[in-house]
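Read through the structure below, which is laid out as C-alpha coordinates, and then see the notes.
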Amino acid sequence: MDQPHIAPGDILREELRRESRLGLLARPFMEKGELVPDKIVLEVMEKRLRKPDSKEGFILDGFPRTLVQAQMLDQMLAGLNRKIDLVLKFEISDQTAVRRLAGRRTCSVCGAIYNLHGKPPRKKDICDICGGKLFQRPDDKEEVIYHRLRVYRQTTQPIEEYYGCQRKLASVNAESNRREVLSQVLHAIQAL
Ligand code: AMP
(Lines give C-alpha, C1' and ligand atoms only; values in the text may rest on other atoms or scores of the structure.)
Protein backbone atom coordinates (compact mmCIF):
# COMPACT_ATOMS: atom_id res chain seq x y z
CA MET A 1 0.00 0.00 0.00
CA ASP A 2 1.28 3.52 -0.79
CA GLN A 3 1.90 5.65 2.25
CA PRO A 4 -0.58 8.53 2.36
CA HIS A 5 0.60 12.13 2.27
CA ILE A 6 -1.28 13.85 5.09
CA ALA A 7 -1.30 17.65 5.27
CA PRO A 8 -3.65 19.40 7.69
CA GLY A 9 -3.57 22.46 5.40
CA ASP A 10 -5.14 20.34 2.60
CA ILE A 11 -7.69 18.81 4.97
CA LEU A 12 -8.64 22.21 6.39
CA ARG A 13 -8.99 23.75 2.91
CA GLU A 14 -11.34 20.90 1.97
CA GLU A 15 -13.35 21.45 5.19
CA LEU A 16 -13.51 25.13 4.28
CA ARG A 17 -14.74 24.34 0.78
CA ARG A 18 -17.53 22.21 2.29
CA GLU A 19 -18.24 24.94 4.85
CA SER A 20 -18.14 22.35 7.63
CA ARG A 21 -17.99 23.30 11.33
CA LEU A 22 -14.20 22.79 11.41
CA GLY A 23 -13.71 24.66 8.15
CA LEU A 24 -15.66 27.67 9.39
CA LEU A 25 -13.72 27.65 12.66
CA ALA A 26 -10.39 27.49 10.82
CA ARG A 27 -11.11 30.06 8.09
CA PRO A 28 -10.23 33.33 9.90
CA PHE A 29 -6.88 31.95 11.03
CA MET A 30 -5.97 30.51 7.63
CA GLU A 31 -6.81 33.67 5.73
CA LYS A 32 -4.56 35.75 7.98
CA GLY A 33 -1.66 33.29 7.85
CA GLU A 34 -2.11 32.45 11.55
CA LEU A 35 -1.91 28.94 12.91
CA VAL A 36 -5.27 27.30 13.49
CA PRO A 37 -5.65 26.53 17.25
CA ASP A 38 -4.06 23.24 18.33
CA LYS A 39 -7.38 21.80 19.50
CA ILE A 40 -8.90 22.01 16.00
CA VAL A 41 -5.80 20.71 14.19
CA LEU A 42 -5.37 17.84 16.63
CA GLU A 43 -9.01 16.84 16.17
CA VAL A 44 -8.51 16.76 12.39
CA MET A 45 -5.26 14.80 12.61
CA GLU A 46 -6.45 12.26 15.15
CA LYS A 47 -9.38 11.41 12.90
CA ARG A 48 -7.13 11.17 9.82
CA LEU A 49 -4.44 9.02 11.43
CA ARG A 50 -7.04 6.48 12.54
CA LYS A 51 -7.98 5.71 8.94
CA PRO A 52 -6.79 2.26 7.79
CA ASP A 53 -4.55 3.66 5.01
CA SER A 54 -2.19 5.04 7.69
CA LYS A 55 -1.48 1.59 9.14
CA GLU A 56 1.62 0.97 7.00
CA GLY A 57 3.05 4.43 7.63
CA PHE A 58 2.42 7.95 6.43
CA ILE A 59 4.09 11.20 5.44
CA LEU A 60 3.04 14.24 7.44
CA ASP A 61 3.38 17.64 5.77
CA GLY A 62 2.95 20.83 7.78
CA PHE A 63 2.33 18.97 11.03
CA PRO A 64 3.30 19.31 13.82
CA ARG A 65 3.77 23.08 13.83
CA THR A 66 3.77 23.74 17.58
CA LEU A 67 5.43 22.04 20.54
CA VAL A 68 2.02 21.03 21.90
CA GLN A 69 1.18 19.39 18.56
CA ALA A 70 4.51 17.51 18.58
CA GLN A 71 3.91 16.23 22.11
CA MET A 72 0.29 15.29 21.39
CA LEU A 73 1.34 13.54 18.17
CA ASP A 74 3.77 11.33 20.08
CA GLN A 75 1.01 10.48 22.55
CA MET A 76 -1.49 9.81 19.80
CA LEU A 77 0.95 7.54 17.96
CA ALA A 78 1.95 5.67 21.11
CA GLY A 79 -1.74 4.79 21.51
CA LEU A 80 -1.73 3.40 17.96
CA ASN A 81 1.56 1.54 18.52
CA ARG A 82 3.39 3.74 16.04
CA LYS A 83 6.14 6.38 16.14
CA ILE A 84 7.79 9.08 14.06
CA ASP A 85 10.95 7.78 12.34
CA LEU A 86 12.31 10.90 10.69
CA VAL A 87 11.67 14.65 10.61
CA LEU A 88 12.89 16.55 7.56
CA LYS A 89 13.63 20.24 7.72
CA PHE A 90 13.66 21.89 4.30
CA GLU A 91 15.93 24.93 4.53
CA ILE A 92 15.50 27.92 2.21
CA SER A 93 16.09 31.65 2.50
CA ASP A 94 13.13 33.94 3.15
CA GLN A 95 13.67 35.37 -0.32
CA THR A 96 13.25 31.94 -1.95
CA ALA A 97 10.26 31.12 0.24
CA VAL A 98 8.47 34.33 -0.76
CA ARG A 99 9.28 33.82 -4.45
CA ARG A 100 8.08 30.20 -4.48
CA LEU A 101 4.93 30.76 -2.43
CA ALA A 102 3.90 33.93 -4.26
CA GLY A 103 4.36 32.04 -7.56
CA ARG A 104 2.21 29.07 -6.54
CA ARG A 105 -1.05 28.55 -8.43
CA THR A 106 -3.60 25.81 -7.79
CA CYS A 107 -6.24 24.37 -10.10
CA SER A 108 -9.73 25.17 -8.84
CA VAL A 109 -11.04 21.90 -10.33
CA CYS A 110 -8.47 19.09 -9.87
CA GLY A 111 -6.17 20.71 -7.27
CA ALA A 112 -2.99 20.34 -9.38
CA ILE A 113 -0.25 22.70 -8.22
CA TYR A 114 1.89 24.87 -10.52
CA ASN A 115 4.57 27.46 -9.98
CA LEU A 116 5.01 30.49 -12.20
CA HIS A 117 8.80 30.24 -11.81
CA GLY A 118 9.53 26.50 -11.56
CA LYS A 119 6.58 24.73 -13.19
CA PRO A 120 4.38 27.15 -15.15
CA PRO A 121 1.18 25.98 -16.88
CA ARG A 122 1.37 25.80 -20.68
CA LYS A 123 -1.48 28.31 -20.97
CA LYS A 124 -1.67 31.26 -18.56
CA ASP A 125 -4.03 30.58 -15.61
CA ILE A 126 -5.30 27.31 -17.12
CA CYS A 127 -4.62 23.80 -15.77
CA ASP A 128 -2.65 21.57 -18.21
CA ILE A 129 -4.42 18.50 -16.89
CA CYS A 130 -8.12 19.39 -16.77
CA GLY A 131 -8.43 22.89 -18.26
CA GLY A 132 -9.65 24.27 -14.90
CA LYS A 133 -8.96 27.85 -13.86
CA LEU A 134 -5.88 28.42 -11.68
CA PHE A 135 -6.03 30.58 -8.57
CA GLN A 136 -3.66 31.97 -5.98
CA ARG A 137 -4.25 30.91 -2.37
CA PRO A 138 -5.20 33.98 -0.27
CA ASP A 139 -2.39 33.13 2.16
CA ASP A 140 0.15 33.17 -0.71
CA LYS A 141 -0.19 36.95 -1.08
CA GLU A 142 3.16 38.55 -0.27
CA GLU A 143 2.14 40.36 2.92
CA VAL A 144 0.55 37.19 4.35
CA ILE A 145 3.66 35.16 3.47
CA TYR A 146 5.82 37.53 5.57
CA HIS A 147 3.44 37.03 8.48
CA ARG A 148 3.58 33.23 8.03
CA LEU A 149 7.40 33.41 8.18
CA ARG A 150 7.20 35.32 11.47
CA VAL A 151 4.75 32.77 12.90
CA TYR A 152 7.09 29.98 11.76
CA ARG A 153 10.05 31.50 13.61
CA GLN A 154 8.10 32.13 16.79
CA THR A 155 6.02 28.98 17.07
CA THR A 156 7.26 26.25 14.76
CA GLN A 157 11.04 26.58 14.86
CA PRO A 158 11.22 25.60 18.58
CA ILE A 159 10.11 22.06 17.71
CA GLU A 160 13.46 21.52 15.96
CA GLU A 161 14.99 21.08 19.38
CA TYR A 162 12.29 18.60 20.38
CA TYR A 163 13.13 16.33 17.44
CA GLY A 164 16.86 17.15 17.58
CA CYS A 165 16.96 15.76 21.13
CA GLN A 166 15.25 12.60 19.86
CA ARG A 167 17.91 12.39 17.08
CA LYS A 168 15.21 12.34 14.42
CA LEU A 169 15.92 15.63 12.66
CA ALA A 170 17.62 15.79 9.24
CA SER A 171 18.20 19.02 7.30
CA VAL A 172 17.70 19.29 3.56
CA ASN A 173 19.08 22.18 1.52
CA ALA A 174 15.95 23.03 -0.46
CA GLU A 175 17.45 25.97 -2.38
CA SER A 176 18.56 23.65 -5.15
CA ASN A 177 16.49 21.95 -7.87
CA ARG A 178 13.92 19.22 -7.32
CA ARG A 179 16.24 16.38 -8.29
CA GLU A 180 18.90 17.42 -5.78
CA VAL A 181 16.32 17.93 -3.03
CA LEU A 182 14.89 14.46 -3.70
CA SER A 183 18.35 12.93 -3.57
CA GLN A 184 18.97 14.50 -0.13
CA VAL A 185 15.60 13.25 1.11
CA LEU A 186 16.35 9.69 -0.08
CA HIS A 187 19.77 9.86 1.53
CA ALA A 188 18.22 10.85 4.87
CA ILE A 189 15.73 7.97 4.62
CA GLN A 190 18.43 5.45 3.73
CA ALA A 191 20.51 6.61 6.70
CA LEU A 192 17.76 5.57 9.12
P1 AMP B 1 -0.25 24.83 4.56
O2 AMP B 1 -1.12 24.28 3.47
O3 AMP B 1 0.55 23.78 5.25
O4 AMP B 1 0.57 26.00 4.09
O5 AMP B 1 -1.26 25.42 5.67
C6 AMP B 1 -2.17 26.44 5.35
C7 AMP B 1 -2.75 27.00 6.63
O8 AMP B 1 -3.48 25.99 7.33
C9 AMP B 1 -1.71 27.49 7.65
O10 AMP B 1 -1.26 28.80 7.38
C11 AMP B 1 -2.53 27.42 8.93
O12 AMP B 1 -3.48 28.47 9.00
C13 AMP B 1 -3.31 26.12 8.74
N14 AMP B 1 -2.50 24.96 9.21
C15 AMP B 1 -1.97 23.96 8.47
N16 AMP B 1 -1.30 23.09 9.24
C17 AMP B 1 -1.41 23.57 10.52
C18 AMP B 1 -0.91 23.13 11.77
N19 AMP B 1 -0.16 22.02 11.91
N20 AMP B 1 -1.22 23.86 12.87
C21 AMP B 1 -1.97 24.99 12.78
N22 AMP B 1 -2.45 25.46 11.63
C23 AMP B 1 -2.18 24.77 10.50
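In listed order, ligands and their atoms are each counted from 1.
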If only side-chain N and O atoms count, and only distance matters, is there a donor-acceptor pair under 3.5 Å linking Asn173 with Glu91?
no
Kindly confirm or rule out an N or O of Pro8 lying under 3.5 angstrom from an N or O of ligand 1.
no
Give a yes or no on whether a salt bridge exists between Glu43 and Lys39, defined as a side-chain N under 4.0 angstrom from a carboxylate O.
no
Does a side-chain N-to-carboxylate-O contact under 4.0 Å join Arg137 and Asp139?
yes
Atom 12 (O) of ligand 1 sits nearest the protein heavy atom Glu34 O, 2.7 Å
Can you tell whether the side chains of Asp94 and Arg153 come within less than 4.0 Å, N to carboxylate O?
yes
Measure the distance from atom 4 (O) of ligand 1 to every protein heavy atom, then report the residue, atom name and distance (to 0.1 Å) of the closest one.
Arg137 NH2, 3.0 Å
Would you say the side chains of Asp125 and Tyr114 form a donor-acceptor pair under 3.5 Å?
no
Among non-hydrogen protein atoms, atom 22 (N) of ligand 1 lies closest to Val36 N, 3.0 Å
Does Leu86 reach the side chain of Lys168, with side-chain heavy atoms less than 4.5 Å apart?
no
For atom 9 (C) of ligand 1, the protein heavy atom that lies nearest, with its residue and separation:
Arg65 NH2, 4.2 Å
Run the numbers for me: atoms of ligand 1, each under 4.0 Å from some heavy atom of Arg148, listed by number.
4 (O)
Determine whether Gln157 and Glu160 make a side-chain contact, defined as any pair of heavy atoms from C-beta on separated by less than 4.5 Å.
yes
Which part of Asp139 is near ligand 1, with near meaning a heavy atom under 4.0 Å away: side chain, backbone, both or neither?
side chain
Give the contacting part of Arg104 toward ligand 1: side chain, backbone, both or neither, where contact means a heavy-atom distance below 4.0 Å.
neither
The atoms of ligand 1 lying under 4.0 Å from a heavy atom of Gly62, numbered in the order shown, are 16 (N), 17 (C), 18 (C), 19 (N)
Among all protein heavy atoms, pick out the one at the shortest distance from atom 8 (O) of ligand 1; state its residue, atom name and that distance to 0.1 Å.
Met30 CE, 3.5 Å
Gln69 to ligand 1: N or O pair under 3.5 Å?
yes
Should the heavy atoms of other residues, nucleotides or ligands under 6.0 Å from NE2 of His147 be counted, would the total exceed 12?
yes
Should the proximity of Arg13 to ligand 1, defined as any heavy atom under 4.0 Å, be assigned to the side chain, the backbone, both, or neither?
side chain
